[in-house]
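Report on the following structure.
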Amino acid sequence: MEILDGKKISNQIKDEITVEVDKMKKNGEKVPHLAAVLVGNDGASLTYVGSKVKSCERVGFESTLVKMPSTTSELELLKKIEELNKNQDIDGFIVQLPLPEQINEQKVLMAIDPDKDVDGFHPANFGKMALDMSTFIPATPFGILELLERYNVETKGKHTVVIGRSHIVGRPMSILMGRKGFPGNSTVTLTHSHTKNITQITSQADIIITALGQPNYLKAEMVKDDVVVIDVGITRVPDEDAPRGYKITGDVDFENVSKKASYITPVPGGVGPMTIAMLLKNTLLARERHRAKNGN
């Protein structure tokens with residue numbers, strides 16, 4: 001059994017990006033600039049955005065954090081997005097989800113310029129991804145592809161089962177694993193809350209990607225020997241013995257499933273670090289595209 005070490009691979013990617021940014025600086029070129037919009041004071045969102053800003057510093061990007069109060073109206077947020085769309089200095093930006101209930105997430109995602117949508121959530125980018133065209137792939141699926149590629153995990157002709165059909169992970173993963181090329185060329189089954197006989201399906205899978213958000217959902221009896229397991233789930237489970245009063249748990253019963261797996265991602269330290277690394281990669285890609293388009 002081999003651990004798919006997202007921490008290690010994400011550091012490699014950040015090192016590669018740093019080299020690219022150093023080249024830009026030497027050539028007197030503008031370095032990539034990522035902005036993040038945070039509405040309200042959600043604890044998990046604050047942590048995520050903070051680590052994104054730190055990662056920008058590490059690779060030499062410029063970063064801007066736009067903080068807005070939880071009382072922000074939809075109109076105020078849309079105006080801010082319009083500003084960021086027009087700001088030539090910013091290559092890419094993200095609006096941290098979830099948003100307060102008075103704001104329609106769909107409207108917000110639609111308002112972002114697809115050329116700056118480094119999260120890859122805009123329908124224009126999602127559509128291009130589905131058609132195998134060059135685009136921004138959502139950061140978490142992009143990170144999973146990168147892990148599979150760098151560990152040279154065979155995907156061609158394999159049966160991949162995706163658990164969960166969210167627009168952020170499950171749906172894009174089901175498309176990407178079935179595409180031509182590597183990683184891809186696998187036969188994909190997309191499962192969800194209405195799937196019957198799920199154990200029958202998972203026990204036939206060569207690769208399982210689970211993004212359900214249900215701690216320890218995938219048990220050893222649900223998988224076959226030598227399965228490849230990618231665990232995207234992250235849930236805070238109360239634990240009196242833990243220093244913070246909780247522990248971070250994935251969708252997979254790691255202790256028992258890992259005994260049968262050929263490759264498995266840990267939680268934390270698997271898919272999570274890859275998401276931020278690929279957001280940086282998308283921002284670098286945005287900068288290169290803007291330079292090619294505008295000549296600066």
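If you're wondering where the values come from, they're calculated on a predicted model, not measured in any experiment. Just so it is clear, the values below take in all heavy atoms, side chains as well, and ignore hydrogens, waters and symmetry mates.
With Val228 as reference, Val153 is the one residue of Val153, Thr265, Ile209, Thr160 to meet the side-chain contact (heavy atoms from CB on, under 4.5 Å) rule. Applying salt bridge (charged side-chain N to carboxylate O under 4.0 Å, His left out) to Asp91 and the options Arg287, Lys293, Arg289 leaves one that passes, Arg287.
Under the side chain to side chain contact (heavy atoms under 4.5 Å, CB included) criterion, Glu82 pairs with Asn85, Lys86, sequence neighbours left out. Legend: residues meeting salt bridge (charged side-chain N to carboxylate O under 4.0 Å, His left out) with Glu2, ordered by chain and number and at least two apart, are absent. Annotation: salt bridge (charged side-chain N to carboxylate O under 4.0 Å, His left out) contacts of Lys107 (sequence neighbours excluded): Glu74. Listed by chain and residue number, nothing satisfies the salt bridge (charged side-chain N to carboxylate O under 4.0 Å, His left out) test with Lys26 (two or more places apart in sequence, or in another chain). Lys156 meets the side chain to side chain donor-acceptor pair (under 3.5 Å) test with no other residue; sequence neighbours excluded. Scanning for side chain to side chain donor-acceptor pair (under 3.5 Å) contacts around Arg236 gives an empty result, with sequence neighbours left out.
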Solution key, residues 56-71 side-chain donor-acceptor pairs under 3.5 Å, sequence neighbours excluded:
unit_1, atom_1, unit_2, atom_2, d
Arg58, NH1, Asn11, OD1, 2.7
Arg58, NH2, Asp15, OD1, 2.4
Thr64, OG1, His33, NE2, 2.6

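Summarising the geometry, atom NZ belonging to Lys23 is positioned 12.0 Å from atom OG1 belonging to Thr18; distances are rounded to the nearest 0.5 Å. Atom CG of Asp89 sits about 11.5 Å away from atom NE2 of His290, to the nearest 0.5 Å.
Within 6.0 Å of NZ on Lys80 lie no more than 12 heavy atoms contributed by other residues, nucleotides or ligands.
As a member of the Ile/Leu/Val/Met/Phe/Trp/Tyr network built from side-chain separations under 4.5 Å, Val237 groups with nothing else and remains a singleton. Taking Ile, Leu, Val, Met, Phe, Trp and Tyr as hydrophobic and joining them when side-chain heavy atoms fall under 4.5 Å apart, one finds Leu218 in a cluster with Met1, Ile3, Val161, Ile163, Ile198, Ile201, Ile208, Leu212, Tyr217, Met222, Val223, Val227, Val229, Val252, Phe254, Val257, Ile264. Summarising the hydrophobic clusters (Ile, Leu, Val, Met, Phe, Trp, Tyr; side-chain heavy atoms under 4.5 Å, direct or chained), the residues clustered with Val118 are Leu34, Ile94, Phe136, Leu279, Leu285.
For the pair Ser186 (side chain) and His159 (backbone), a donor-acceptor distance under 3.5 Å is absent. With Asn27 contributing its side chain and Glu29 its backbone, the two residues share no donor-acceptor pair below 3.5 Å. Of the possible polar contacts, none joining the Arg165 side chain to the Val169 backbone as a donor-acceptor pair under 3.5 Å is found. In this structure, Ser51 contributes its side chain and Thr47 its backbone to a donor-acceptor pair below 3.5 Å. At distances below 3.5 Å, at least one donor-acceptor pair connects side-chain atoms of Thr155 with backbone N or O atoms of Gly184.
Identified under the side-chain hydrogen bond (donor to acceptor under 3.5 Å, both in side chains) test for residues 139-149, with sequence neighbours left out: Thr140-Thr275, Glu146-Arg150. For residues 212-233, the set of pairs meeting the salt bridge (Lys or Arg N to Asp or Glu O under 4.0 Å) definition, not counting sequence neighbours, comprises Asp206-Lys224.
Side-chain contact, Asn125 with Asp117: a donor N or O sits under 3.5 Å from an acceptor N or O.
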